[in-house]
Amino acid sequence: MNKTMKRFTSFMGVASIDGLETPHMFPSYTIVNFSKTGERGTHYVSIIFNSPELCIYFDPLNLLFLPDAIFQYMRTHSKMIYRVNNKVQSDLSIFCGFYCLIPIFLHMNNVPILKGLSFFSKNLRYFFMQNFD
């Protein structure tokens, strides 16, 4: 993902939970691995630092669990955290890192995140109902 996203200066990269960087511009985007550096990736989420006042948190599986280190990181660099509660990833998928790109691309292209994700979610459910039921 870093290779794909390197042309966007506002993308801070994919980081492990113990290697989070301070956003130096707004908006800034990062994808965070729940695992520490050197460990196998367990789960990825995306964070959009829209401004010093607002950060947007997106988990493609919409898990209830949020590691304290990620919560504290967002609180340190923004006054308010908005959590997107849209699940776009199937429980059968292992590609959460790639799903994390969706809200980033939506935001970069001035498409309202909830509108873009709701369209994606409806089509995802339709796809799985048609192909796996």
Side-chain angles (χ1 to χ4, degrees):
M1 285 182 286
N2 278 331
K3 185 177 178 181
T4 302
M5 298 295 290
K6 71 179 179 180
R7 67 176 182 226
F8 302 105
T9 57
S10 56
F11 185 70
M12 299 186 311
V14 178
S16 295
I17 199 167
D18 60 340
L20 303 172
E21 295 183 20
T22 300
H24 295 289
M25 62 174 22
F26 296 96
S28 288
Y29 310 93
T30 189
I31 296 175
V32 180
N33 183 352
F34 279 12
S35 299
K36 294 182 178 180
T37 304
E39 295 178 351
R40 183 177 176 161
T42 53
H43 185 59
Y44 294 85
V45 295
S46 52
I47 300 172
I48 299 170
F49 288 102
N50 195 55
S51 69
E53 287 75 37
L54 176 65
C55 130
I56 301 167
Y57 174 81
F58 174 73
D59 179 340
L61 285 173
N62 198 28
L63 299 176
L64 295 177
F65 175 71
L66 171 61
D68 190 56
I70 293 174
F71 177 75
Q72 293 304 323
Y73 169 65
M74 292 186 295
R75 292 299 289 169
T76 299
H77 301 294
S78 60
K79 292 180 182 175
M80 187 172 98
I81 300 167
Y82 178 79
R83 184 180 182 135
V84 177
N85 290 316
N86 289 52
K87 179 179 179 176
V88 298
Q89 180 182 353
S90 164
D91 293 333
L92 303 174
S93 172
I94 60 169
F95 297 106
C96 51
F98 292 105
Y99 283 99
C100 288
L101 292 171
I102 297 167
I104 293 172
F105 285 138
L106 291 170
H107 192 267
M108 285 180 167
N109 289 288
N110 296 316
V111 175
I113 293 172
L114 293 179
K115 183 178 180 179
L117 290 176
S118 67
F119 174 77
F120 184 83
S121 296
K122 289 175 193 170
N123 288 323
L124 178 68
R125 285 191 296 271
Y126 176 76
F127 172 78
F128 278 100
M129 288 183 342
Q130 294 298 313
N131 293 293
F132 297 102
D133 282 346

With a 4.5 Å cut-off on side-chain heavy-atom distances among I, L, V, M, F, W and Y, is there a chain of contacts connecting I81 to L61?
no
Identify the two heavy atoms, one from Y99 and one from V88, that lie closest to each other, and give their separation to 0.1 Å.
CE2-O, 3.5 Å
Quick check: do K115 and L106 have side-chain heavy atoms less than 4.5 Å from each other?
no
Are F8 and F105 packed together at the side-chain level, in the sense that at least one heavy-atom pair is separated by less than 4.5 angstrom?
yes
Test item: S35 side-chain N/O and R40 main-chain N/O as donor-acceptor pair under 3.5 Å
yes
Could you tell me how the ring of F95 sits relative to the ring of F98: parallel (under 30°), tilted (30 to 60°) or perpendicular (over 60°)?
tilted
Using a 3.5 Å distance criterion without hydrogens, assess whether the side chain of H43 forms a donor-acceptor pair with backbone atoms of G41.
no
Give a yes or no on whether F49 and I17 share a hydrophobic cluster (residues Ile, Leu, Val, Met, Phe, Trp, Tyr; joining criterion: side-chain heavy atoms under 4.5 Å apart).
yes
Sidechain-backbone polar pair: Y29 side chain, P103 backbone, donor-acceptor under 3.5 Å
no
Quick one: does any side-chain atom of S51 pair with a main-chain N or O of L54 as donor and acceptor, under 3.5 Å?
yes
Tell me whether Q72 at atom CD has more than 12 heavy atoms from other residues, nucleotides or ligands lying less than 6.0 Å away.
yes
How close do S78 and C55 get, counting heavy atoms only, and between which atoms?
OG-CB, 3.1 Å
So, D59 side chain and V45 main chain: donor-acceptor pair closer than 3.5 Å or not?
no
Using 0.5 Å steps for rounding, measure from the CZ atom of F26 to the NE2 atom of H77.
8.5 Å
Least distance between heavy atoms, L20 atom then A69 atom
CD1-O, 4.2 Å
Please confirm whether the backbone N or O of S93 pairs with a side-chain atom of Q89, one donor and one acceptor, at under 3.5 Å?
yes
If Ile, Leu, Val, Met, Phe, Trp and Tyr residues are connected whenever their side-chain heavy atoms lie under 4.5 Å apart, and connections chain through other members, are L101 and I56 in the same group?
yes
Nearest non-hydrogen partners of R75 and M80, listed with the distance:
NH1-CA, 4.3 Å
Membership question, hydrophobic clusters at under 4.5 Å side-chain separation (ILVMFWY): are I47 and V84 in the same one?
no
Is a donor from one side chain sitting under 3.5 angstrom from an acceptor on the other, for T37 and D18?
yes
Quick check for you: to the nearest 0.5 Å, what is the distance between I48 atom CD1 and M108 atom CE?
8.5 Å
Distance in Å, T9 OG1 paired with H24 NE2, rounded so as to fall on 0.5 Å steps:
12.5 Å
Here the pair of heavy atoms bringing T30 nearest to G13 is OG1-O, 2.8 Å
Would you compute the distance between atom CG of L66 and atom CZ of F71 and round it to the nearest 0.5 angstrom?
7.5 Å
Grouping I, L, V, M, F, W and Y whenever their side-chain heavy atoms are under 4.5 Å apart, do M74 and F65 come out in a common cluster?
yes
With rounding to the nearest 0.5 angstrom, report the CD1 to CG distance, I104 to N109.
12.0 Å
